[in-house]
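For ligands, and for the atoms within them, numbers begin at 1 and follow the listed sequence.
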Amino acid sequence: MIIYKKVIDISLSLENCRKLNAQIGFVPTMGALHNGHISLLEMSKKQNQLTVCSIFVNPTQFNDKADFEKYPTTIEADIAALESVGCDVLFLPSVEEIYPDKNSLAHYNLGSLETVLEGKYRPGHFQGVCQVVDRLLSIIQPSAIYLGQKDYQQCMVLQKLIQLKNYNTQLIVCPTLRENSGLAMSSRNIRLSDSGKVAAIAIYNSLLFIKENIARLPLVDLKNQVETSLLQQGFSAVDYVEICDAASLETITDYTPTTSTVVLVAAFIEGVRLIDNMVIS
Ligand code: PAF
């Protein structure tokens, strides 16, 4: 695996690959890699001649400074994991390489996607995600970008970015990888104690509970019941339990089995904010 830290170096190298008509698959990450990331890299390797991974903890997407400072970094283990999965190129830029002019950060018209769910609780977050991914897409110019369904709203936001900026890149959403317990894999899980990890399974069980009862109980009762139960099972706060139209992310008040629906949860345990979702088709 070749590691590039400078935009100029990776750009030149990838330009040569494109001249040879190589399809480039891209997996953007903030490091602290887990099997969920590895599954994205494996998918990219299957579908492309060249796979590029980026590791960059993007400061502009953290609305909470403490969250940014606490974000786990495990670079040596990450490089070993990338080598073992056969990743071809790692892009490991500095803040200056990504944001040469910090005073002129772009703004994107994301419509209602920016103000609901994660957007409501993490103001500015999706602008930051778009800023970094826009920059990375312009440097790497991949045929496909691979993202995990765990960040459901982020996938929708980045699909919108691709449209807005007319990128010739296909977005591939890969299924959420879970521990045997059902807990969705996340870099943030490193910060949970063993008992926290056990208690955190309540999020997945809540999603299953809603899925099983969605056609039977009023949605508002389901959401209230789940919120109360998360608080009783060790979560300190629940940002949201929402049931939405899977295509628009608008909250639905009545369930229609013919419409694709997504249940989304964000809640805190041991000071760690976890998100998860489940699509009910
Ligand atoms: O999902 C993430 O890890 C980040 O939001 C991303 C897409 C790498 C942008 O920083």
Side-chain angles (χ1 to χ4, degrees), residues 7 10 24-41 43-44 51-65 67-75 77-78 81-82 87 89-99 102 105-106 108 110 113-114 117-119 121-140 142 144-162 164-165 167 169-177 184-191 264 266 272-277:
V7 173
I10 190 167
I24 300 172
F26 174 45
V27 181
T29 80
M30 297 205 296
L33 302 182
H34 50 72
N35 285 343
H37 295 113
I38 301 302
S39 72
L40 304 181
L41 289 152
M43 184 65 86
S44 168
T51 290
V52 179
C53 176
S54 65
I55 297 182
F56 178 68
V57 185
N58 173 35
T60 72
Q61 73 187 71
F62 287 84
N63 54 315
D64 175 1
K65 198 165 169 262
D67 193 24
F68 173 59
E69 278 158 7
K70 278 189 277 177
Y71 203 84
T73 47
T74 55
I75 192 65
D78 290 351
L82 290 170
C87 178
V89 173
L90 169 61
F91 185 38
L92 199 55
S94 63
V95 174
E96 290 70 29
E97 285 292 304
I98 294 294
Y99 300 118
K102 271 187 234 151
L105 293 174
Y108 305 83
L110 302 173
L113 274 181
E114 187 165 4
L117 304 164
E118 289 302 285
Y121 289 92
R122 302 183 69 190
H125 169 65
F126 287 127
Q127 288 298 325
V129 170
C130 285
Q131 283 152 1
V132 71
V133 175
D134 190 5
R135 176 85 169 123
L136 291 168
L137 287 177
S138 71
I139 297 165
I140 294 160
I145 178 170
Y146 295 80
L147 298 167
Q149 193 204 307
K150 188 178 83 69
D151 297 299
Y152 190 91
Q153 192 174 3
Q154 171 170 276
C155 293
M156 290 182 68
V157 163
L158 292 178
Q159 186 61 67
K160 177 119 191 168
L161 171 76
I162 289 171
L164 285 173
K165 298 294 302 266
Y167 280 114
T169 300
Q170 197 187 352
L171 190 156
I172 314 274
V173 179
C174 300
T176 303
L177 245 73
M185 290 188 188
S186 162
S187 305
R188 291 170 192 266
N189 294 353
I190 298 178
R191 287 169 48 207
L264 307 105
V272 181
R273 189 173 184 278
L274 299 180
I275 58 170
D276 201 352
N277 66 78

### Query
Donor-acceptor pair, Ser186 side chain versus Arg188 backbone, under 3.5 Å?
yes
Could you go through ligand 1 and list every pair where one of its N or O atoms sits under 3.5 Å from a protein N or O, giving the atom names and the distance to one decimal?
from, atom 1, to, atom 2, distance (Å)
ligand 1, 1 (O), Gln154, NE2, 2.8
ligand 1, 5 (O), Gln61, NE2, 2.9
ligand 1, 5 (O), Gln154, OE1, 2.7
ligand 1, 10 (O), Gln61, OE1, 2.6

### Query
With sequence neighbours excluded, what pairs up with Asp64 under the salt bridge (Lys or Arg N to Asp or Glu O under 4.0 Å) test?
none
### Task
For Val157 and His125, run side chain to side chain contact (heavy atoms under 4.5 Å, CB included): C-alpha distance rounded to whole Å, both residues' side-chain angles, the deciding distance at 0.1 Å, then the answer.
CA-CA 11 Å; Val157 163; His125 169 65; over 6 Å; no
### Query
What pairs with Phe62 under ring pair (Phe, Tyr, Trp, His ring centres under 6.0 Å), at least two apart in sequence or on another chain?
Phe68, Tyr71
#### Entry: Minimum heavy-atom distance Ala184-Thr176, with the two atoms named
CB-CG2, 3.8 Å
### Query
Asp134: what forms a salt bridge (Lys or Arg N to Asp or Glu O under 4.0 Å) with it, not counting sequence neighbours?
Lys165
